[in-house]
Amino acid sequence: MRITDLMIKDTMIMNLQATTKEAAIDELIASLAASGRINDKKLFKEKILAREAQSSTGIGGGIAMPHAKTKAVNEATVVFAKSHAGVDFASLDDEPAKLFFMIAAPDGAGNMHLRTLASLSRLLIESEFIEALMNAGTPDEVAALFDAKQAEEEAKAQENGAAGTAKPASERVITGNPASSSFVVAVTACPTGIAHTFMAEDALKKKALEMGVNIRVETNGSEGAQNVLTADEIRRASGVIIAADKNVEMARFAGKPVLQRPVSDGIRKPEELISKAVKGDAPIYQSEGRSSHDDAVAVKSGSIGSKIYKDLMNGISHMLPFVVGGGILLAISFLIEQVASVDNPLVKLLQTIGGGDGAFHFLIPILAGFIAMSIGDRPALMPGMVGGLMALNSNAGFLGGLAAGFLAGYVVVGLRKAFAGLPRTLDGLKPILLYPVFSLLITGAVMFYLFDPVFSWLNEGLIDVLNNLGTGNMVLLGIILGGMMAIDMGGPFNKAAYTFAIGVFTSSGNENGLMMAAVMAGGMVPPLAIALATTLFKNKFTETERKSGITNYVLGLSFITEGAIPFAAADPLRVLTTCILGSAVAGGLTQLWHINVPAPHGGIFVAALSSNALLFLLAVLIGSVISGLAFGLWKKPLQAK
């Protein structure tokens, strides 16, 4: 398979308009969606941003390679884009990115697709080839460059085979100097195992050849571990390089000097890594029997706020399937209950599966457990879940579950530091005895004596306040929540509003769907407003924008706010201002009319389950019309740009 089979011309962007990192990602995703290569823009973007949160895919040298492997991808694709001005992509060398390769791989990507993507990654460390791409002016020129380069690589491989070097470079020791005794081993891995894994592998091998050092590199890519290091090779190596941003098997390196770095260092700093490994200039690895993540390189940078947000989102993302699955089944049971009796067997079945004895029973423990796991890795999962269960049973609710997750995670982090000075003979006891017992005891004691009483009081107080709010205050709250859904369309403000509604949804009584109605209506407005504007004001939008506007009807009705993001990225002032206005109105109207939506997701598909479907849809319609008209009237005609 040729690289150009994946890098199709129709998706190429030869003049990227974005000026920010997120806007560049949105523009690349929009190209994928327009060509039908992905089926869920929201999910795909979540996966892209999750990868970026671990470490920037701006590898330096003017190149960025955002990538994701997910079921949201219909067909493996690489979107090539070029920015003349450059985009601040938080690249490793702090230089703007000008060449972009967004890699979209489906969950079931075949080996041939993955090998082709790996070949692409290896080409992008060659400066001459990068310069040629920088100078390319059309998609045809880009495709021709890749076809020629791949043909050149295939010819080299055939020559090597004819010369008797049957094994490809990725399956043998790279010999920098046959007479040299210098030998190091390395493992490269990135979270998705598509791009950076193989770029780091090639960079290390090429630099080792230049330095006269013999090296063996194991890759942990999408197809699993390849070219796996043998025990004898590890024994003979003067040092070990782990250039990885995900879990790798570490126990085998016990007693060896192990240099642990992000995979990006394998790409950008191969000489430094090899020099240190040759000298054995690295800490001696001591296995504690911990999970491999404890030993992974990736110490991620970022603000405290971004770290808290990442940990919180880890909990919420694992909790949401329980919320959606259980919530929809409960909502259906309520609908059936309106036409049948509460003793109806189907009603009882659905409420048992979805309610407090089924899916909903796990919401707070799952939330707390995976927040804790994000902080303290696997040893923190158990105390986090137990702390969450204690919060549930003590009526500390959603707030208590949040506190339990962060508490358990940092308790485990503290225990690791506290036990670091114990004799090595006790290392094996840490994961199977010391961490479980002490983390559970400390987390449980703090929850029982402090957090459960405090958060139970706060939770009950919050519910009392909501239940006793007058209509005016409820409308104000609805306006705030609805408006927040449109501020960043899937970002922290949007998630904060949705998280608050989920908390009320899971903790309160009969009115638990009031806040959900506000955030769902507010989240449906932006894409619907964009769709209306592109329909009513056609002379102000390009043909591509009008086509994208049509898809926003479906996205908006499905409660997928992110459909409006490409328009917001291109015209943030007008789009965000008008969408916030309409979303706030929609959210406020749901509270004015006391609309209850007993389902956490679904948009128009669960409207029939609300306490008043017509008024809910009317609130969404009014908000969408306000935003759509305001945006359309404010936007300048194309000829006036």
Side-chain angles (χ1 to χ4, degrees), residues 3-83 86-92 96-107 109 113-114 116-124 130 133-134 136 139 142-143 146 190-199 222 264 490 544 548 562 565-566 569-570:
I3 292 172
T4 45
D5 292 336
L6 304 180
M7 190 182 294
I8 57 177
K9 297 177 186 177
D10 290 345
T11 65
M12 293 185 186
I13 305 173
M14 301 308 294
N15 185 15
L16 195 75
Q17 297 299 303
T19 57
T20 66
K21 179 175 181 176
E22 185 164 358
I25 289 172
D26 290 334
E27 195 170 340
L28 290 162
I29 292 176
S31 179
L32 277 171
S35 64
R37 313 291 277 199
I38 58 175
N39 55 66
D40 188 334
K41 289 170 63 176
K42 180 179 179 180
L43 175 59
F44 185 73
K45 183 177 179 181
E46 286 177 356
K47 296 293 185 182
I48 288 287
L49 294 181
R51 174 63 185 89
E52 294 298 324
Q54 294 172 347
S55 64
S56 174
T57 58
I59 61 173
I63 298 174
M65 297 186 69
H67 53 272
K69 182 180 179 184
T70 167
K71 63 182 180 182
V73 178
N74 294 325
E75 189 173 354
T77 309
V78 179
V79 179
F80 170 83
K82 183 164 66 169
S83 168
V87 177
D88 181 358
F89 212 80
S91 298
L92 305 177
K98 294 187 175 181
L99 291 183
F100 299 83
F101 300 84
M102 176 170 276
I103 300 173
D107 273 342
H113 288 105
L114 296 175
T116 304
L117 293 173
S119 299
L120 165 66
S121 303
R122 292 185 173 109
L123 292 179
L124 297 180
I130 293 302
L133 289 174
M134 290 281 194
V142 173
F146 275 101
C190 69
T192 49
I194 296 174
H196 291 55
T197 299
F198 304 103
M199 296 178 78
S222 294
S264 57
T544 301
S548 180
E562 286 80 356
I565 286 178

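The closest side-chain heavy-atom distance from Pro139 to Met14 is below 4.5 Å. You'll find the side chain of Glu52 reaches within 4.5 Å of the side chain of Pro66, heavy atoms only.
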**Message:** Evaluate Thr20 against Val87 for side-chain contact (heavy atoms from CB on, under 4.5 Å), listing each step before the verdict.
**Reply:** CA-CA 6 Å; Thr20 66; Val87 177; 5.5 Å; no
**Asked** Stepwise, does the side-chain contact (heavy atoms from CB on, under 4.5 Å) test hold for Arg37 with Ile8?
**Response** CA-CA 11 Å; Arg37 313 291 277 199; Ile8 57 177; 3.7 Å; yes
**Asked** Under the side-chain contact (heavy atoms from CB on, under 4.5 Å) criterion, do Phe101 and Val79 qualify, and how do the steps go?
**Response** CA-CA 5 Å; Phe101 300 84; Val79 179; over 6 Å; no
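For the pair Leu16 and Ala81, the tightest heavy-atom approach, listed with the atom from each and the gap, is CD1-CB, 4.1 Å. When all heavy atoms of Ala97 and Ala64 are compared, the closest pair comes out as CB-CB, 4.0 Å. Nearest heavy-atom pair, Lys41 versus Ala33, reported as atom, atom and distance to 0.1 Å: CD-CB, 3.5 Å. Nearest heavy atoms, Glu27 versus Gln17: OE2-N, 3.1 Å. Between Gly36 and Asn74 the shortest heavy-atom distance is O-ND2, 3.0 Å. Of all non-hydrogen atoms in Pro106 and Glu75, the two that sit nearest each other are CD-C, 4.2 Å.
In this view, Leu43 and Asp40, Glu46, Lys47, Thr70, Lys71, Ala72 satisfy the side-chain contact (heavy atoms from CB on, under 4.5 Å) rule, not counting sequence neighbours. With sequence neighbours excluded, no residue satisfies side chain to side chain donor-acceptor pair (under 3.5 Å) with Ser91. Under the side-chain contact (heavy atoms from CB on, under 4.5 Å) criterion, Ala34 pairs with no residue, sequence neighbours left out.
Under the side chain to side chain contact (heavy atoms under 4.5 Å, CB included) test applied with Met102, the options Ile13, Leu32, Thr11 reduce to a single match, Leu32.
Lys21 and Asp88 are not joined by a salt bridge, as no carboxylate oxygen comes within less than 4.0 angstrom of a charged side-chain nitrogen.
Taking CG of Asp5 as the start and CZ of Phe146 as the end, the distance is 13.0 Å to the nearest 0.5 Å. In this structure, CD1 in Ile103 is found 11.0 Å from OG1 in Thr77, a value given to the nearest 0.5 Å.
Formation of a donor-acceptor pair under 3.5 Å by the Lys82 side chain with backbone atoms of Met134 is found in this model. Although no hydrogens or angles enter the test, the distance criterion places no donor-acceptor pair under 3.5 Å between the side chain of Thr4 and the main chain of Met7. Side-chain N or O atoms of Ser31 include none that pairs as donor or acceptor with a backbone N or O of Ile29 at under 3.5 Å.
The ring of Phe89 has its center closer than 6.0 angstrom to the ring center of Phe100.
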